[in-house]
Q: 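Handing you this structure, nothing more for now.
Indexing begins at 1, ligand by ligand and atom by atom, following the structure's order.
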Amino acid sequence: MKITGASVNVCSPGRNFVTLKIETDEGIYGLGDGTLNGRELAVASYITEHVIPCLIGRDPFQTEDIWQYLYRGAYWRRGPVTMAAIAAVDVALWDIKGKALNTPIYNLLGGRSRGGVLVYAHAHGADIEEALDDVGKHIEMGYQAIRVQSGVPGLASTYGVPKAGMRYEPAEKGLPSEGQWSTEMYLRHTPKLFEETRRRFGENVHLLHDCHHRLTPIEAARLGKELEPYHLFWMEDPVAAELQEGFRVIREHTTTPLATGEVFNTIWDGQELIQRQWIDYIRMSIVHAGGFTHLKKVADFASLYHVRTGCHGATDLSPVTMAAALHFGIAVHNFGIQEHMAHCEETDAVFPHGYSFKAGYMYPGDAPGLGVELDEKLAAKYPYERAYLPVNRKLDGTLTDW
Ligand code: KDG
Ligand code: MG
């Protein structure tokens, strides 16, 4: 089999997505997601201008060699744009392999290690009461694991909480909006949120929380300690992780489990974190970390150190990545949990898919390959619209992590 052509589709059914389609001489094609929130066109151009010309004529079954060719062959390694482009190619090739062999991708990754993929949903509210109502709604929908975020009294906006009456979607059209941040206010408020959540819902639901890279190690250590009575499934991204050693300080002070890695692109971003057992869950995703070929190696490496997977799955990861994550999650032995932030109706219509949700678990379906399509005609009705993630400032105006 040979690759005969490839094209990049950029569309915006509710939000922007970058999708690669690779075609072969046998009429089989594969899809890959290359979406990088707020930087979509950089990946689209990287793939179109620099990657597609190198793919034509290659055997799509050679996923390892093509991965190495695109990674080592670029000389300029790593980084979110490069790795999202490589992921788009890698996932499309695995989709082709699965279709050609007439089997779902999970069978090529080792087969089923479990019956379903435990997922966590997002609950949020402008204050604790609203957030708790949302937790209740998600429990009624069948979720067994729920991330809880609430507005912080005194702050005009908070990460993870939508503007009144709107669906939560971090990227907004137009130039970046500016949020406000106060660590003091956040640290005073967050333990109360979880105290109330446990009081109302008891211990039979997994609770998660995302600090979104905003604390210093010692601040995160304090929060982790204060959250211990509420037995979180994890505290996510307590600190920005460029400095992996920052996690050592947190780890020395608290038994609250730690998760990080949604912004990592290769194993080298989290190698020390894993090897030193400073984290419990690695959140790297298929789209931002080079596809199945690299993420499988990360998971296998993590398994040696009792670290489990907890892949990023916000709405900026397209249904193509969601399907890929479910094949991955059902197959890898050290799977922990999968994030599930449901897409809007427009997105689901543009990407018809076979995966499903039932009673807290998701299932990849049994279609050959990924089990996701791209309706190109419908996609054309939703042209790309420039959008950015917000930026964040402390109360005195200092720019800080968002
Ligand atoms: O594009 C950025 C979002 O995907 C990110 O802010 C979502 O932190 C996130 C999460 O845990 O889902
Ligand atoms: Mg996060």
Side-chain angles (χ1 to χ4, degrees), residues 12 14-18 33-43 80-81 83-84 87 119-124 134 138 143 145-150 157-163 167-173 176-177 179 181 186 190 206-215 220 223 232-241 247 257-265 269-270 273 279-289 309-322 325 329 336-344 347 362 386-392 400-402:
S12 193
R15 67 161 345 281
N16 291 319
F17 294 111
V18 176
D33 176 23
T35 309
L36 184 61
N37 210 358
R39 296 291 185 271
E40 295 86 359
L41 299 185
V43 184
V81 175
M83 297 309 287
V119 293
Y120 72 91
H122 287 198
H124 39 58
D134 206 25
H138 283 89
Y143 285 99
I146 302 176
R147 181 186 104 156
V148 193
Q149 310 288 138
S150 101
S157 63
T158 313
Y159 164 75
V161 180
K163 290 186 184 136
R167 203 188 148 80
Y168 182 64
E169 173 49 61
E172 292 167 7
K173 286 165 202 160
S177 64
W181 180 247
Y186 169 77
T190 304
H206 295 304
L207 299 179
L208 300 85
H209 182 69
D210 191 349
C211 306
H212 220 260
H213 325 267
R214 292 170 182 209
L215 305 175
L223 182 62
L232 262 57
F233 187 96
W234 77 34
M235 178 168 86
E236 177 185 336
D237 286 339
V239 294
F247 276 80
L258 303 173
T260 198
E262 67 182 41
V263 299
F264 293 176
N265 314 124
D269 297 325
L273 288 174
I279 58 169
D280 301 279
Y281 297 92
I282 181 78
R283 281 190 39 77
M284 289 164 68
S285 70
I286 290 194
V287 54
H288 298 133
T309 64
C311 297
H312 186 203
T315 41
D316 45 304
L317 290 83
S318 93
V320 174
T321 290
M322 191 66 214
I337 200 165
Q338 169 65 45
E339 182 176 13
H340 177 226
M341 188 181 169
H343 289 110
C344 67
T347 298
M362 287 185 76
R386 178 173 290 116
Y388 287 96
L389 290 168
V391 297
N392 216 11
T400 186
D401 296 286
W402 174 72

Q: If the cut-off is 4.0 Å to any non-hydrogen atom of Ala314, which atoms of ligand 1 fall inside it?
A: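 This gives 4 (O), 7 (C), 12 (O) as the contact atoms.
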Q: Should you measure from each heavy atom of Asn37, which atoms of ligand 1 turn up under 4.0 Å away?
A: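 With Asn37 as reference, the close atoms of ligand 1 come out as 1 (O), 2 (C).
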Q: Which label fits His312 and His288: parallel for a plane angle under 30°, tilted from 30 to 60°, or perpendicular past 60°?
A: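 His312 vs His288 ring planes: tilted.
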Q: Could you work out, for atom 9 (C) of ligand 1, the closest of Tyr120, Trp402, Tyr159 by heavy-atom distance?
A: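 Closest candidate by heavy-atom distance is Tyr159.
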Q: Check Met284 against Asn265 and note the closest heavy-atom contact, atom names and distance.
A: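 Smallest interatomic distance, heavy atoms only, reads CE-C, 4.1 Å.
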Q: I'd like to check which ligand 1 atoms, numbered from 1 as shown, lie under 4.0 Å from a non-hydrogen atom of Arg147.
A: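 By the 4.0 Å cutoff, the relevant atoms are 10 (C), 11 (O), 12 (O).
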Q: If I take atom CZ from residue Phe17 and atom NE2 from residue His343, how far apart are they, to the nearest 0.5 angstrom?
A: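 Spacing of CZ (Phe17) from NE2 (His343) equals 4.5 Å.
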Q: Just checking: Glu236, one of its N/O/S atoms, less than 2.8 Å away from the Mg ion (ligand 2), yes or no?
A: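 Yes - counting backbone and side chain alike, Glu236 has an N, O or S atom under 2.8 Å.
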Q: Out of Glu339, His340, Gln149, His138, which one pairs with His122 under the side-chain hydrogen bond (donor to acceptor under 3.5 Å, both in side chains) rule?
A: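 Answer after filtering Glu339, His340, Gln149, His138: Glu339.
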Q: So if I count the atoms of ligand 1 from 1 in the order they appear, which ones are less than 4.0 Å from some heavy atom of Glu262?
A: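 The list of qualifying atoms is 5 (C), 7 (C), 8 (O), 9 (C), 10 (C), 11 (O).
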Q: List ligand 1 atoms under 4.0 Å from Asp210, heavy atoms only on the residue side.
A: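 It comes down to these atoms of ligand 1: 8 (O), 9 (C), 10 (C), 11 (O).
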Q: Can you report which non-hydrogen protein atom sits closest to atom 6 (O) of ligand 1, along with the distance?
A: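 For atom 6 (O) of ligand 1, the nearest protein heavy atom comes out as His212 NE2, 2.8 Å.
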Q: What protein heavy atom sits nearest atom 12 (O) of ligand 1, and how far off is it?
A: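 For atom 12 (O) of ligand 1, the nearest protein heavy atom comes out as Glu339 OE2, 2.4 Å.
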Q: Run the numbers for me: atoms of ligand 1, each under 4.0 Å from some heavy atom of Asp316, listed by number.
A: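 In order of numbering, the contacting atoms are 1 (O), 2 (C), 3 (C), 4 (O).
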Q: Answer yes or no as to whether an N/O/S atom of Asp237 is found below 2.8 Å from the Mg ion (ligand 2).
A: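 Within the cut-off used here (under 2.8 Å), Asp237 places no N, O or S atom near the Mg ion (ligand 2).
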Q: Before we go on, tell me: are the rings of Tyr186 and Trp181 under 6.0 Å apart, centre to centre?
A: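 For Tyr186 and Trp181, the ring centres are under 6.0 Å apart.
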Q: With the side chain counted from C-beta on, respond yes when Trp234 and Ile337 share a heavy-atom pair under 4.5 Å apart, and no when they do not.
A: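 Side chain of Trp234 against side chain of Ile337, heavy atoms only: contact under 4.5 Å found.
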Q: Please find the N/O/S atom of Asp210 nearest to the Mg ion (ligand 2) and write down its name.
A: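 For Asp210, the N/O/S atom sitting closest to the Mg ion (ligand 2) is OD2.
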Q: Please name the residue in the list Thr400, Val239, Asn392 that meets the side chain to side chain contact (heavy atoms under 4.5 Å, CB included) test with Arg214.
A: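 Exactly one option meets the side chain to side chain contact (heavy atoms under 4.5 Å, CB included) with Arg214, and it is Asn392.
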Q: Quick one: does Lys163's side chain get under 4.5 Å of Tyr168's, heavy atoms only?
A: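 Not in contact.
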Q: Below 4.0 Å from any atom of ligand 1, is there a heavy atom belonging to Met341?
A: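 Not so, Met341 does not reach ligand 1.
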Q: Check whether any side-chain heavy atom of Asp237 lies under 4.5 Å from a side-chain heavy atom of Asp210, and answer yes or no.
A: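 They are in side-chain contact.
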Q: Find, among atoms of Glu262 that are N, O or S, the one nearest to the Mg ion (ligand 2), and state its name.
A: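 Considering only N, O and S atoms, Glu262 comes nearest to the Mg ion (ligand 2) through OE1.
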